[in-house]
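A short worksheet on the structure shown next.
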Amino acid sequence: MAALPEILPDLLDALRAARHVAVLTGSGISAESGVPTFRDAQTGLWAKYRPEELATPEAFRRNPRLVWEWYEWRRGLVAKAAPNPGHLALAELERRVPRFTLITQNVDGLHQQAGSRNVIELHGNLRRTKCFDESRVVDTWPATDDVPPRCPRCGGLLRPDVVWFGEALPQSALAAAIEAAQTCDLFFAIGTSALVQPAASLPFQAIQRGAMTVEINADATPLTPRVTHALRGSAGEVLPALLKALTPYPLS
Ligand code: APR
């Protein structure tokens, strides 16, 4: 286990006094659950696959079977994954803070599985399926040999309910995320390369509003020089350590 970064008293004080904590997570928080990240060299999905061939509406029109099967493979990975101590620590933190907003770029649903309640999914969820033409979630469809399967309503192709490159984010989710970043007094960015917009602009909204900002990440990112505290390490180790430091005495 790598040495844990020092957790400074002013961060603990701010966390104890916080009225509203907002958190942005990326694929790094699910890495320790066996879900691949996107941009980590070698292990990242985009190191092996070309996003323009798999994660755009154009790619789906060109080859719907390829795209559907690739997401089926990712669904299989996620179905086997369990929340790790990082997810669980955030669910616990939510129970200790008056207002807690968890904004995730992840489509794996592991935060909700860990018990997090106030979760904003910016990029959708792999476990949901929707009609490509009607853009409406479809829960069940007749079992046929069609790959991708067909929408029971209009006969259109079904697709995963995730946001592809070039597509707009769900407006209500984005508005709620911006509101949280602008009203929180403590903002965490965890396990994200902070490269993909508009999610990557959220920490800067919090910085502009004078919130204390904390990055927990295995590597440096464009955000690192701008945050109040940059804690280098793995989320599954740093977050439980933060919780432990917050509770200097055993909980009854
Ligand atoms: N703990 C903390 N950080 C980690 C860990 C870990 N165990 N493992 C990896 N990281 C860090 C990496 O150093 C990297 O900075 O997590 C970050 C993951 O970055 P990306 O792979 O770029 O993933 P993310 O930021 O979530 O990508 C944003 O891009 O491809 C799209 O829609 C997709 O939601 C995704 C978006």
Side-chain angles (χ1 to χ4, degrees), residues 1-5 7 23-57 59-60 67 70-71 74 77-78 81-90 102-111 114 119-128 159-170 173-174 177 188-204 214-227 229-242:
M1 187 162 86
L4 286 167
I7 297 172
V23 175
L24 173 69
T25 62
S27 61
I29 196 166
S30 294
E32 292 152 88
S33 296
V35 180
T37 67
F38 292 92
R39 290 173 189 81
D40 282 312
Q42 281 91 44
T43 57
L45 290 171
W46 301 147
K48 295 183 191 151
Y49 307 98
R50 295 157 51 87
E52 57 277 14
E53 279 173 16
L54 292 161
T56 66
F60 186 75
V67 173
W70 188 67
Y71 278 93
R74 287 183 57 196
L77 292 179
V78 163
N84 65 56
H87 296 106
L88 298 168
L90 287 179
L102 208 172
I103 306 157
T104 190
Q105 299 168 86
N106 300 345
V107 294
D108 55 32
L110 290 176
H111 284 303
V119 180
I120 299 172
E121 293 180 318
L122 286 181
H123 296 164
N125 190 312
L126 259 181
R127 299 169 197 246
R128 286 193 306 267
R159 57 164 286 178
D161 183 17
V162 297
V163 178
W164 283 331
F165 290 103
E167 292 188 317
L169 273 59
L174 182 56
F188 287 85
I190 304 171
T192 181
S193 56
L195 293 172
V196 175
Q197 296 296 348
S201 70
L202 294 169
F204 294 94
V214 182
E215 181 185 58
I216 300 176
N217 215 55
D219 304 295
T221 73
L223 186 58
T224 307
R226 300 290 306 280
V227 293
H229 296 292
L231 306 182
R232 182 79 52 247
S234 61
E237 292 171 1
V238 175
L239 283 165
L242 180 64

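Scope of the values below: all heavy atoms of this structure, side chains included, with no hydrogens, waters or symmetry mates. Whatever order the structure lists ligands and atoms in, that order sets their numbers, starting from 1.
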Minimum-distance protein heavy atom relative to atom 27 (O) of ligand 1: Arg39 NH1, 3.0 Å
Sub-4.0 Å atoms of ligand 1 with respect to non-hydrogen atoms of Thr37: 21 (O)
Leu88 side, atom CG; Leu239 side, atom CG - distance, nearest 0.5 Å: 10.5 Å
Close side-chain approach of Asn106 to Val35, heavy-atom, < 4.5 Å: no
Polar atom proximity, Ser193 to ligand 1 (N or O, under 3.5 Å): yes
Euclidean distance, Ile190 CD1 relative to Asn217 CG, rounded to 0.5 Å: 9.5 Å
Ligand 1 contacted by Asn217 (non-hydrogen, < 4.0 Å): yes
Closest approach of any protein heavy atom to atom 32 (O) of ligand 1, naming residue and atom: His123 ND1, 3.5 Å
Contacting atoms of ligand 1, where contact means under 4.0 angstrom from a heavy atom of Glu32: 1 (N), 6 (C), 7 (N)
Thr25 vs Leu90 side-chain heavy atoms within contact, under 4.5 Å: yes
Glu121 bridged to Arg127 by N-O distance under 4.0 Å: no
Rounded distance (nearest 0.5 Å) linking atom CG of Asp219 with atom CZ of Arg232: 7.0 Å
Close-contact set for ligand 1 against Phe165 heavy atoms, below 4.0 Å: 30 (O), 31 (C)
Separation between CG of Leu102 and NE2 of His87, rounded to the nearest 0.5 Å: 9.0 Å
Numbered atoms of ligand 1 (with element) below 4.0 Å of Gly191, judged on heavy atoms: 3 (N), 16 (O), 17 (C), 18 (C)
Ligand 1 to Ala218 polar contact by distance, N or O atoms, under 3.5 Å: yes
Distance, nearest 0.5 Å, that separates CD of Gln105 from OG of Ser30: 11.0 Å
Mutual orientation of the aromatic rings belonging to Trp164 and Tyr71 [parallel < 30°, tilted 30-60°, perpendicular > 60°]: tilted
Distance in Å, Glu32 CD paired with Asn84 CG, rounded so as to fall on 0.5 Å steps: 5.0 Å
Polar atom proximity, Ala31 to ligand 1 (N or O, under 3.5 Å): no
Heavy-atom side-chain contact between Ile103 and Leu24 under 4.5 Å: yes
Atom indices of ligand 1 within 4.0 angstrom of Thr192 heavy atoms, with elements: 15 (O), 16 (O), 17 (C), 24 (P), 25 (O)
Protein contact of atom 5 (C) of ligand 1 - nearest heavy atom, named by residue and atom, plus distance: Gly28 O, 3.4 Å
Heavy-atom nearest neighbour in the protein, as seen from atom 30 (O) of ligand 1, with distance rounded to 0.1 Å: Trp46 NE1, 2.8 Å
Atom indices of ligand 1 within 4.0 angstrom of Gly233 heavy atoms, with elements: 1 (N), 2 (C)
Protein heavy atom at shortest distance from atom 28 (C) of ligand 1: Gln105 OE1, 3.3 Å
4.5 Å side-chain heavy-atom contact, Phe188 and Leu242: yes
Minimum-distance protein heavy atom relative to atom 13 (O) of ligand 1: Asp219 OD2, 2.4 Å
Per-atom contacts of ligand 1 with Gly26, taking only distances under 4.0 Å to non-hydrogen atoms: 26 (O)
Top protein contact for atom 2 (C) of ligand 1, by heavy-atom distance: Ala235 N, 3.5 Å
Protein contact of atom 26 (O) of ligand 1 - nearest heavy atom, named by residue and atom, plus distance: Ser27 N, 2.8 Å
